[in-house]
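For the single chain, residues carry numbers from 1 onward in sequence order.
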Amino acid sequence: MNYYKFNPLQKTLIWGTESWLLSGVAGNETMVGDHSLNNLVREQKDRLLGKYNYQRFGDEFPLLVKFIDARQDLSIQVHPNDEIAHRHGKPRGKTEMWYVMRSTPDAKLYNGLARVITPEEYKQMVADNRICDALAQYSVKEGDCFFIPAGRIHSIGAGCRLAEIQQTCDVTYRIYDYGRRDKDGNLRQLHTEQAAESIDYNVLPDYRTYYDPEKNIGKVLVDCPYFTTSVYDLDEPMLIDYSELDSFVVLVGVEGDGTLIIDGDEVSFRAGDTLLLPAYINNVRAEGTIKFLETYIA
């Protein structure tokens, strides 16, 4: 088969909703027909993932792709890198990215430190409910992009709708949660010490990912060892050549609708759809008025 179209997992959380579009996380795998994502990997092996990726990741699909709809602010949080995750008994860390979709006019998010603090100052600011004072905050609109390498403090704010692409990992260290309580009335658990070890305390002048939006061409948003992601904003037909790529490709519709012809197989494609293309696919012809994300691991 030249493509797999997955059914998302819908999750209702204290702050809003998540739609897990493509997931190989144990206990939370997305399905195509009667097959879970990782079962598909076990059956198809390098024909699905590509030779290098199958050697690297084995039978677990290496990416987790979500839509996030935040009705309240998410907790202030951080993810460990691979090395720290291994020390904590986890299989891997989490590097991720955000692509902002249509959000409310007042939508904001935190990404990165705005000023230098020490681990000791961090702990005191958490204790004093002042950690947000040290964070860089951004107003966001559709098309904005943020890269969040493991170790960078971040939080999605109320009103944000975005696509999130990340390593297959569900390890989150919660730093601050505005005093919220769970469904049983208990304060939600914080992970102050684990987060202190995981935070990258370097400060950058700007954490936004800049690119020039352009029609009918693939614009690279993020290119890192864990994934390469581009955005396509099409209003005329385009042929995308994958003949030299030794990787699966994930396509996520974020706006509009159209048709994809995948090595001769035709499939409708619209906002919200997620397609997984095996590594042996040579080309895709995209038609219609549609915006989508393309992700693979080179």
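The residues Lys291 and Glu142 are annotated as salt-bridged, a charged nitrogen and a carboxylate oxygen being separated by less than 4.0 angstrom. A salt bridge is defined here as a Lys NZ or Arg NE, NH1 or NH2 lying under 4.0 Å from an Asp or Glu carboxylate O, and Glu121 with Arg115 fails to meet this definition. Using a cutoff of 4.0 Å between basic side-chain nitrogens and carboxylate oxygens, Lys123 and Glu193 are scored as salt-bridged. Taking 4.0 Å as the cut-off between side-chain N and carboxylate O, Asp82 and Arg92 do not count as a salt-bridged pair.
Atom NZ of Lys215 has more than 12 heavy atoms from other residues, nucleotides or ligands within 6.0 Å. For Arg102, the CZ atom sits in a loose shell: 12 or fewer heavy atoms of surrounding residues, nucleotides or ligands are nearer than 6.0 Å. Heavy atoms of other residues, nucleotides or ligands lying less than 6.0 angstrom from NZ of Lys45 number more than 12. Dense packing is recorded around CZ of Arg174, with more than 12 heavy atoms of other residues, nucleotides or ligands lying under 6.0 Å away.
The main-chain N or O of Thr259 is never found under 3.5 Å from a side-chain atom of Glu287 such that the two would form a donor-acceptor pair. Without hydrogens or angle criteria, Tyr4 side chain to Met31 main chain gives no donor-acceptor distance under 3.5 Å. Formation of a donor-acceptor pair under 3.5 Å by the Tyr207 side chain with backbone atoms of Ala114 is not found in this model. Listed for the Ser23 side chain is a donor-acceptor partner under 3.5 Å among the backbone atoms of Asn28. Formation of a donor-acceptor pair under 3.5 Å by the Gln44 side chain with backbone atoms of Pro278 is not found in this model. No donor-acceptor distance shorter than 3.5 angstrom exists from the side chain of Asp263 to the backbone of Ile281, with no hydrogens or angles considered. A donor-acceptor pair under 3.5 Å links the side-chain atoms of Ser155 to the main chain of Leu74, judged by distance alone. Although no hydrogens or angles enter the test, the distance criterion places no donor-acceptor pair under 3.5 Å between the side chain of Asp184 and the main chain of Asn186. With His79 contributing its side chain and Thr95 its backbone, the two residues share no donor-acceptor pair below 3.5 Å. No donor-acceptor pair closer than 3.5 Å links the side chain of Thr30 to the backbone N or O of Pro8.
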Begin from the C-alpha positions of Arg188 and Asp182 and carry the test salt bridge (Lys or Arg N to Asp or Glu O under 4.0 Å) through to its verdict.
-> CA-CA 6 Å; Arg188 296 215 296 167; Asp182 62 22; over 6 Å; no
Between Asp223 and Thr228, is a side chain to side chain donor-acceptor pair (under 3.5 Å) present by the stated rule, with each step listed?
-> CA-CA 4 Å; Asp223 186 7; Thr228 298; 2.8 Å; yes
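For an aromatic pair to be called close, the ring centres must be under 6.0 Å apart, and Tyr52 with Tyr54 fails this. Taking the six-membered ring where the residue is Trp, the centroids of Tyr296 and Tyr242 are separated by 6.0 Å or more.
Using a 4.5 Å heavy-atom cutoff, the side chains of Phe227 and Val222 are in contact. Counting heavy atoms from C-beta on, the side chains of Gln137 and Tyr110 come closer than 4.5 Å. Counting heavy atoms from C-beta outward, Ile240 and Val249 have side chains that stay 4.5 Å or more apart. Using a 4.5 Å cut-off on side-chain heavy atoms (C-beta onward), Tyr280 and Asn2 make contact. At a threshold of 4.5 Å between non-hydrogen side-chain atoms, the residues Ile153 and Ile76 count as touching.
Between Phe292 and Tyr232, the ring-plane angle classifies as parallel under the 30° and 60° cut-offs.
Met1 and Leu22 end up in the same hydrophobic cluster when Ile, Leu, Val, Met, Phe, Trp and Tyr side chains are linked at under 4.5 Å. Following chains of ILVMFWY side-chain contacts shorter than 4.5 Å, one can reach Val65 starting from Phe147, so the two form part of one hydrophobic cluster.
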